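Since this is a predicted model, take the numbers as computed values, not measurements. Starting from 1, each residue takes its place in the sequence as its number. Note that ligands are numbered from 1 as they come in the structure, with each ligand's atoms numbered from 1 the same way.
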Amino acid sequence: MAETVTLSGKTSPGLLESLDPLLREWLPRQRWFAGKGRPVTGFSLVEATELLPAGGKLGLYHLLVRAHQPLTLGAEPHPGDCYQLLIGVREALPPRLAPALIGHVEDGPLAGRTVYEALYDGRSAEVLLEAMRSEARIGGLRFERESGLEIRSGLVPRVVTAEQSNSSVIYGDTFILKLLRRVVPGVNPDLELPLALAREGCPRVPAPTAWVRAELGGEPYVLGVLQPFLQGASDGWELALRELAKGEDFGSEARALGRATAEVHTALARALPTVTLGHTQMQLLADGMMERLDVAAQAVPALRPYAPALRTAFTALADLAAEGRTWTAQRIHGDLHLGQCLRSPGGQWWLIDFEGEPSKPLAERRMPQPTERDVAGMLRSFDYAAHSAERPDEGWAETCRAAFCTGYAEVSGQDPRTDPVLLRAYETDKAIYEVLYEARHRPEWLSVPMAAIEHYATSDLY
Ligand SMILES: Nc1ncnc2c1ncn2[C@@H]1O[C@H](COP(=O)(O)OP(=O)(O)O)[C@@H](O)[C@H]1O
Ligand SMILES: O=P(O)(O)O[C@H]1O[C@H](CO)[C@@H](O[C@H]2O[C@H](CO)[C@@H](O)[C@H](O)[C@H]2O)[C@H](O)[C@H]1O
């Protein structure tokens, strides 16, 4: 760091009140804001930590705020989502920080100052890295580092501007810090699983170097994770589309991805508990799939004609369980698709983003599940890539799907295709989820999962 800073950890009375009108307008516009479609009616402060005194040239606050929003009809009462914010304070913003502007404060302790999204400001981002480097405790924040791993000082930060559900900063092409935006109490799989995998010696995941935690109201929160940055890596989605556009086969990459997924699964099964799922649990799983189909069919009329045929995939699973079949369940990635796989220039595949489906409760995301769920996510992703190409190529997707399963079996000794009923149920469930997701977020993509729905509804098992 260019100069020494004093991290005060103090909080400032009246701070949130003075920011309230600005945040109400700014927060709902952020990509990572999870409560889209409902206005924010106010905030309550969960925790405020002054990292750099606001009286100086550059002030910096770490805030955890709860956003209050009206409930949707029939929803359970809910205290409101808690968001992590890093607020910079200056007299005026230099032009390079213009895109980070939150607004000008009228009243309260920051009256007359300008506040902005501080991750865009190299000086503020440096403060976070320095805190992890020195394993600082500031107010309620705990900056911790994996023992034996060092963080060099002087790494220059830059914020990641790509669309993501959280916010990331890259430090000198050496580390990437993911700051979680909507934070929930409990053990977060985005730290828990990569840490368990790294400690197990699994090389398919960037090993957490450091992390930020807080203890609030007696509950633990994970706020951020620092990992090695895979310089020059491309994600699987970009690569697949590139190969498709060139008319190139992706089979050998799909096979390598299958091997990488199996490596991660076998390491997770060694590191964390596995359980056996019998009739009751599998019936519940199938019931959940049925329910999600009903909800999606309510929301997307195009799905309705296919619903009876799709249900047979779930009843087939429940029937198998009723006959006495059992399945092994373990911790899995939980939201695996091509965009969660990175290939480094050396040709190795890495899996990232173990958060699971962020909309699901943490307890549900941390439950052991059959590995076929991750496999189904990847198989759907090959299908997505093939259908989003200018000329949809079913043959390309079939080659990838088969190659992925082959690679998976080479490492795990278990070919996912030997359990077609479970795989079909998970793929159908995922395609239904995708229909709802696309209808809500990207209607122009709806035809991609709908093509799969039509296929599942009209064809036999593999
Ligand atoms: N270790 C890493 N090395 C290089 N790039 C990474 C790394 N981790 C994440 N990224 C990039 O950052 C993006 C966002 O990361 P991700 O963990 O998926 O965040 P989010 O949960 O916000 O979607 C990824 O799509 C990837 O391109
Ligand atoms: O943002 P997340 O990674 O949590 O996932 C959500 O958005 C994904 C799209 O960005 C969506 O994935 C679907 O589209 C992908 C191509 O854009 C494709 O590779 C996936 O297979 C497909 O499911 C995902 O479903 C959604 O949860």
Heavy-atom proximity to atom 17 (O) of ligand 2 ranks first, among Glu163, Arg442, Glu357, for Arg442
Non-hydrogen atoms of Arg66 and Cys82 that approach each other most closely: NH1-CB, 3.9 Å
Pairs of nitrogen or oxygen atoms closer than 3.5 Å, one from His337 and one from ligand 2: do any exist? yes
Has Gln340 got any heavy atom lying under 4.0 angstrom from an atom of ligand 2? yes
Does a salt bridge link Asp353 with Lys178, judged by any charged N lying under 4.0 Å from a carboxylate O? yes
At less than 4.0 angstrom from any atom of ligand 1, which residues have a non-hydrogen atom? List them by chain and residue number. Gln164, Ser165, Asn166, Ile176, Lys178, Pro206, Pro228, Phe229, Leu230, Gln340, Leu342, Ile352, Asp353, Glu355
Polar contacts were defined as any N/O atom of the residue lying under 3.5 Å from an N/O atom of the ligand; does this apply to Glu434 and ligand 2? yes
Between Leu239 and Phe250, does the side-chain contact (heavy atoms from CB on, under 4.5 Å) criterion hold? Intermediate values first, please. CA-CA 9 Å; Leu239 281 176; Phe250 198 63; 4.1 Å; yes
Would Val448 and Glu438 satisfy side-chain contact (heavy atoms from CB on, under 4.5 Å), going step by step from the backbone distance to the final call? CA-CA 9 Å; Val448 175; Glu438 302 301 6; over 6 Å; no
Atom 1 (O) of ligand 2: which protein heavy atom is closest, and how many Å away? Ser165 OG, 3.9 Å
Look at the aromatic rings of Trp237 and Trp445 and report parallel, tilted or perpendicular, splitting at 30° and 60°. tilted
When you compare the side chains of Trp350 and Ser344, does any donor N or O come within less than 3.5 Å of an acceptor on the partner? yes
Is it the case that ligand 2 has an N or O less than 3.5 angstrom from some N or O of Arg380? no
Answer yes if the side chains of His265 and Tyr408 hold a donor-acceptor pair under 3.5 Å, and no otherwise. yes
Counting heavy atoms only, which of Tyr437, Trp237, Phe382 is nearest atom 16 (C) of ligand 2? Trp237
Compute the shortest N/O to N/O distance between Asp353 and ligand 2 and return yes if it is under 3.5 Å, no if not. no
Looking only at non-hydrogen atoms, find the nearest pair between Leu63 and Ala48 and report the distance. CD2-CB, 3.5 Å
Output the list of atoms in ligand 2 that are nearer than 4.0 Å to some heavy atom of Tyr433, sorted by atom number. 25 (O), 26 (C), 27 (O)
Provide, to 0.1 Å, the distance between atom 20 (C) of ligand 2 and the closest protein heavy atom, together with that atom's residue and name. Ser381 OG, 3.7 Å
Check: Ser167/Arg181 side-chain N/O donor and acceptor closer than 3.5 Å: yes
For Ser359 and Arg182, does a side-chain donor sit closer than 3.5 Å to a side-chain acceptor? no
Identify, by atom number and element, the atoms of ligand 2 in contact range of Asp335, meaning under 4.0 Å from any of its heavy atoms. 4 (O)
What pairs with Ser168 under side chain to side chain donor-acceptor pair (under 3.5 Å), at least two apart in sequence or on another chain? Gln164
